[in-house]
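Chain letters run A, B, ... following the sequence lines, proteins first, then strands; residues in each count from 1.
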2 protein chains.
Amino acid sequence: MNHSAHTQELAHSGTAAALVRAALALFTEHGYDGTSVRAITRRAGANLGAITYHFGSKQGLYDAVIAQASGPFREQLSAAADGEGSPLDRLQQVVRAFFGHLYENPDLPRLMMQQLTGSRPIPEVTLRTMQTNIGIIASLIRQGQADGSIRDGDPRFMALSIGSQPIWLTVAQRGLREGVGIDQDDPETRARLVESIVRFVRAGLAAHPERAE
Amino acid sequence: MNHSAHTQELAHSGTAAALVRAALALFTEHGYDGTSVRAITRRAGANLGAITYHFGSKQGLYDAVIAQASGPFREQLSAAADGEGSPLDRLQQVVRAFFGHLYENPDLPRLMMQQLTGSRPIPEVTLRTMQTNIGIIASLIRQGQADGSIRDGDPRFMALSIGSQPIWLTVAQRGLREGVGIDQDDPETRARLVESIVRFVRAGLAAHPERAE
DNA sequence: AGGGATATAATACGAACGTATGAAGGGGGT
DNA sequence: ACCCCCTTCATACGTTCGTATTATATCCCT
């Protein structure tokens, strides 16, 4: 039997990787309790016992899924934060990167939300991801406050104001389409929405009113 | 048997109301699939068959729970929108009311999030609630744009920027406490956080820079 | 006071769940 | 060719699930 440090490696025999892929889709769609090991193995083309064999248990597979999905998020954001320009300009890039990554990995925010709204312990990697992302934004804000381009206020709270917008907007996508008539699957709508958020964030932070950008 | 228009009336025999109360708590905590009818009836002090009898099925009870929880939200918000003062002042009040209601009814945002991230159809009442709340905020923004106090931009998108903050911050409460060290259970922290959001929103909307409020 | 609707109770049923078990494949290394 | 280890497979076990069924209380109305 195997299922030891499977939260790291993920090439495996193909079966394990297929299980993670299938499980990511199903957990995202139906939640942990709503997804059966039979559904996962069927979708992965694997045997019913494959999850027990490779990951020890359903929970073990879930942990592996979370770890794999959360990993790249932090890197992408800190890359945007290390760019060129004034703090305000870089924050703008961070917001765009935030949206970009969430739009390309729509599973991630849904999974994170399920963890936050659920009752089981929030996985370590999720907490770290939140902490890092808030930290990145807050540190940019502090820089802007130091050079006078960003107004006063607790940088961490302001970072929450910023981060909440991409997260909620991507999580609520389905509800916004069906209930409010805003369809983020339409590229033009999405672009205008992102730019609206970017402008809102910039205006919410700036110490002085700004001419056109 | 009964279970007809039970989404409306809710006084009932006491048993039905107790079922709704117990179900609200358990659905919020563990989700729909994570909550068994046995757990609900046990907590409500009712017989196993009570859910079938009063609501027809587990899903019927869930619908009743959603309807009861979502109802008061819209009213509270539109009350704040009808207050005194400039559009910016009233928007400020709306944000405070938003937070106030979510803090007092912490089940509501978690339930709504579960619906948005889940796969089953989003209940009609939830979609209506989203629509109304966005509409209220957007209409205040339009007023402010008309009198020149609020800058240009799509009012509905700006409304999303505003609404996303109270919602996400209350839903993510547990994660923020455990992962970022921001504890909204502490009244002082909460107050400072809300005021930070209010200022952020005001700055994000205002057409002209403003002196102290 | 008695009868008919309304509510609660105890139990049964079939299906689906997560996991355990043991047997059957299937390639390298010697 | 052989063995051995890793993987896959088929199937069984015990639980728990949502709902149905049937019997017993409880209450209002004339």
From [atom1] of [X] over to [atom2] of [N], roughly how many Å is that when rounded to an integer?
{"X": "B:Y62", "N": "D:dC17", "atom1": "OH", "atom2": "C1'", "result": "19 Å"}
{"X": "A:Y32", "N": "C:dC17", "atom1": "OH", "atom2": "C1'", "result": "12 Å"}
{"X": "B:I40", "N": "D:dC17", "atom1": "CD1", "atom2": "P", "result": "11 Å"}
{"X": "B:L61", "N": "D:dG18", "atom1": "CG", "atom2": "P", "result": "11 Å"}
{"X": "A:I51", "N": "D:dC9", "atom1": "CD1", "atom2": "P", "result": "13 Å"}
{"X": "A:R42", "N": "C:dA16", "atom1": "CZ", "atom2": "P", "result": "10 Å"}
{"X": "A:L19", "N": "D:dT7", "atom1": "CG", "atom2": "P", "result": "13 Å"}
{"X": "B:Y53", "N": "D:dT22", "atom1": "OH", "atom2": "P", "result": "17 Å"}

Among [options], find the nucleotide with the atom closest to the side chain of [X].
{"X": "A:T15", "options": "D:dT8, C:dT8, D:dT19", "value": "D:dT8"}
{"X": "A:N47", "options": "C:dG18, D:dC9, C:dT11", "value": "D:dC9"}
{"X": "B:R38", "options": "D:dC17, D:dT8, C:dT8", "value": "D:dC17"}
{"X": "A:V37", "options": "C:dA20, C:dT8, C:dG18", "value": "C:dG18"}

With no hydrogens and no angle check, is any side-chain donor or acceptor of B:Q114 less than 3.5 Å from a backbone partner on B:T28?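 Side chain of B:Q114 to backbone of B:T28, a donor-acceptor pair under 3.5 Å: yes, one is there.
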B:Y32 six-ring centre to B:K58 NZ/CZ under 6.0 Å and within 45° of normal: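 Ring-cation test returns yes.
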Steps toward side-chain hydrogen bond (donor to acceptor under 3.5 Å, both in side chains) verdict (B:Q165, A:S164): CA-CA 5 Å; B:Q165 300 180 52; A:S164 63; 4.8 Å; no
By nearest-nucleotide position on DNA chain C, the 5'-leaning member of A:S36 and A:G49 is A:S36
Base, sugar-phosphate or nothing for B:T41? Non-hydrogen atoms, less than 4.0 Å. nothing
Quick one: pull up CZ in A:F55 and CG in A:D63 and give me the separation to the nearest 0.5 Å.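 The CG atom of A:D63 is 10.5 Å from CZ of A:F55, to the nearest 0.5 Å.
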In Å and rounded to the nearest 0.5 Å, what is the CG to CZ distance from B:L88 to B:R202?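 The CG atom of B:L88 sits 5.0 Å away from the CZ atom of B:R202.
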Phosphate oxygens OP1/OP2 of C:dT6: is one of them under 4.0 Å from a side-chain N or O of B:H54?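 No, B:H54 has no side-chain N/O under 4.0 Å of OP1/OP2 on C:dT6.
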